[in-house]
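Single-structure report; data block below.
Just so you know, residue 1 is the first one in the sequence shown, and it goes up from there.
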Amino acid sequence: MGIGRARWVALLVGLAAAAVVATVGASEGDADPLYRACVDECEKTGSLRETSVRHCQVPTDDHPADKSWYAHEPLYLQWKEWNCKSECRYHCMMERESEREQLGLGSVKYHGKWPMKRASVFQEPISAALSALSLLVQFNGWLSFFLLLSYKLPLRPETQMTYYEYTGLWHIYGLLAMNAWFWRAIYHSCDTVWTEKLYYSSFAAFIGYSLILAILRTLNLKDEASRVMVAAPILAFTTTHILYLNFYELDKGLNTKVCTAASLAQFLLWAVWAVMTKHPSCFKILFVIIGNVFSIVLETYDIPPRWGYVDGRVFCVAISIPLTYLWWKFAKEDAEMRTSAIIKKTSSEV
């Protein structure tokens, strides 16, 4: 292994270690008595200093206020589940953050999440927009891969199937990637219990399958028996993990550790394989891996929001857009390389 390639791998290992340290040190919490008092008062009166919360019904007798007014709103707003408690929490959070800013204090988390300003019906508008853009890039990458394999590269004359042995695996990868980014865009648009579970579940499925793809491609496994032996335990673990998150406890800390470990494992596989085989797309692969590890570090260090709209997750989503484009470029180049090699081998045997 050359000195240059050794430095790339060393840099990858260093970033991976930073990601693990960041994951272990994550924390959250809020216990501001002024915030709690604000929420209690808002739920009772339906108003704040400068805001009237129309979701809260002011009691006129001994009966409690109705906390589910979102059920009587138009359908396009019902799915967001903005009720009295959630609206009071949001407006009190924004009020307390404004007071803290005037006092020169930094942002703090509320109910485990950073305070982010809304824009119209979008809870995190920049993250939602960038997630939608990443979804579009994923679709464009998968579509170009599909067109390349189906219409540009030669097919096997006897079966009209592609020469590339990993075509189906990449198609599944593309579908899972688009599903994950779709639900991430929805989650950033509207943070509810069900959108949160769909977001975490879809990305857990995507990362679990990505590990399977990494093992099968880097070890060059082509027969079905070997593929099943590799995929079965990972699929079983991923399915169990998703069921745990959805039906037992949505443990975000556990999910972060599991997804980080699976991601780092596949990154290491891709990096070693690219360097050892001197793949034509070696530097693309290493660049994508380093970018993704850096993204994990950003997300696990949990950067506080800036200007009310930009936090660490915004940067993570933004980084993913060019990395997605490069990753699909690698997939297409790998397909072209393998197709050419198989055709040459077949021709020489004849």
Inset, instruction - Verify the cluster assignment for Y163 and L147: are they in a single hydrophobic cluster under the rule of side-chain heavy atoms below 4.5 Å apart? - result: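 They do not share one cluster, since no chain of ILVMFWY contacts under 4.5 Å joins Y163 to L147.
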Inset, instruction - Please list, chain by chain and in numerical order, all residues satisfying ring-ring contact (aromatic ring centres under 6.0 Å, His included) with Y187, sequence neighbours excluded. - result: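 Applying ring-ring contact (aromatic ring centres under 6.0 Å, His included) to Y187 gives Y199.
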Legend entry - Residues forming a ring-ring contact (aromatic ring centres under 6.0 Å, His included) with F237, sequence neighbours excluded: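 Residues passing ring-ring contact (aromatic ring centres under 6.0 Å, His included) with F237: none at all.
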Inset, instruction - First locate atom OH of Y200, then atom CD1 of I242, and finally report the distance between them rounded to the nearest 0.5 Å. - result: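 One finds 14.0 Å between OH of Y200 and CD1 of I242.
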Inset, instruction - Verify ring pair (Phe, Tyr, Trp, His ring centres under 6.0 Å) between F206 and W183, making sure each step is shown before the conclusion. - result: CA-CA 12 Å; F206 171 54; W183 286 116; over 10 Å; no
Inset, instruction - Apply ring pair (Phe, Tyr, Trp, His ring centres under 6.0 Å) to the pair W170 and Y173, showing each step before the final yes or no. - result: CA-CA 5 Å; W170 278 106; Y173 172 89; 5.3 Å; yes
Inset, instruction - Would you please name every residue forming a side chain to side chain donor-acceptor pair (under 3.5 Å) with S263, sequence neighbours left out? - result: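 S263: no side chain to side chain donor-acceptor pair (under 3.5 Å) contacts found.
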Inset, instruction - Taking side chain to side chain donor-acceptor pair (under 3.5 Å) as the test, write out the residues that go with N246, two or more places apart. - result: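 Expected list: S201.
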Legend entry - CZ (F139) with more than 12 external heavy atoms under 6.0 Å: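 Open.
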Legend entry - Greater than 12 external heavy atoms within 6.0 Å of M337's CE: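 More than 12 heavy atoms, drawn from other residues, nucleotides or ligands, come within 6.0 Å of this atom.
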Work out which heavy atom in [X] is nearest to a heavy atom in [Y]; give both atom names and the distance.
{"X": "L264", "Y": "V293", "answer": "CD2-CG2, 4.2 Å"}
{"X": "G208", "Y": "T238", "answer": "CA-OG1, 3.8 Å"}
{"X": "V228", "Y": "P233", "answer": "O-CD, 4.4 Å"}
{"X": "I212", "Y": "I234", "answer": "CG1-CG2, 3.7 Å"}

Inset, instruction - Please determine, by modelled atom types, if D334 and Y164 share a side-chain donor-acceptor pair under 3.5 angstrom. - result: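 Yes - a donor-acceptor pair under 3.5 Å links their side chains.
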Legend entry - Candidate pair L169 and R227, rule side-chain contact (heavy atoms from CB on, under 4.5 Å), full reasoning: CA-CA 11 Å; L169 296 174; R227 291 184 174 187; 3.9 Å; yes
Inset, instruction - Would you mind listing every side chain to side chain donor-acceptor pair (under 3.5 Å) that reaches into residues 141-155, with sequence neighbours excluded? - result: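 Listed by first then second residue: W142-H171, S144-K332.
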Legend entry - Pairwise side-chain contact, L250 with V193, heavy-atom cut-off 4.5 Å (strictly under):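 The answer is no; the side chains never approach within 4.5 Å.
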Inset, instruction - Could you tell me which residues satisfy disulfide bond (SG atoms under 2.5 Å apart) with C38, sequence neighbours excluded, listed by chain and number? - result: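 Only C92 meet the disulfide bond (SG atoms under 2.5 Å apart) criterion with C38.
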Inset, instruction - Determine, using ring centers only, whether F145 and W327 are less than 6.0 Å apart. - result: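 For W327 and F145, the ring centres are not under 6.0 Å apart.
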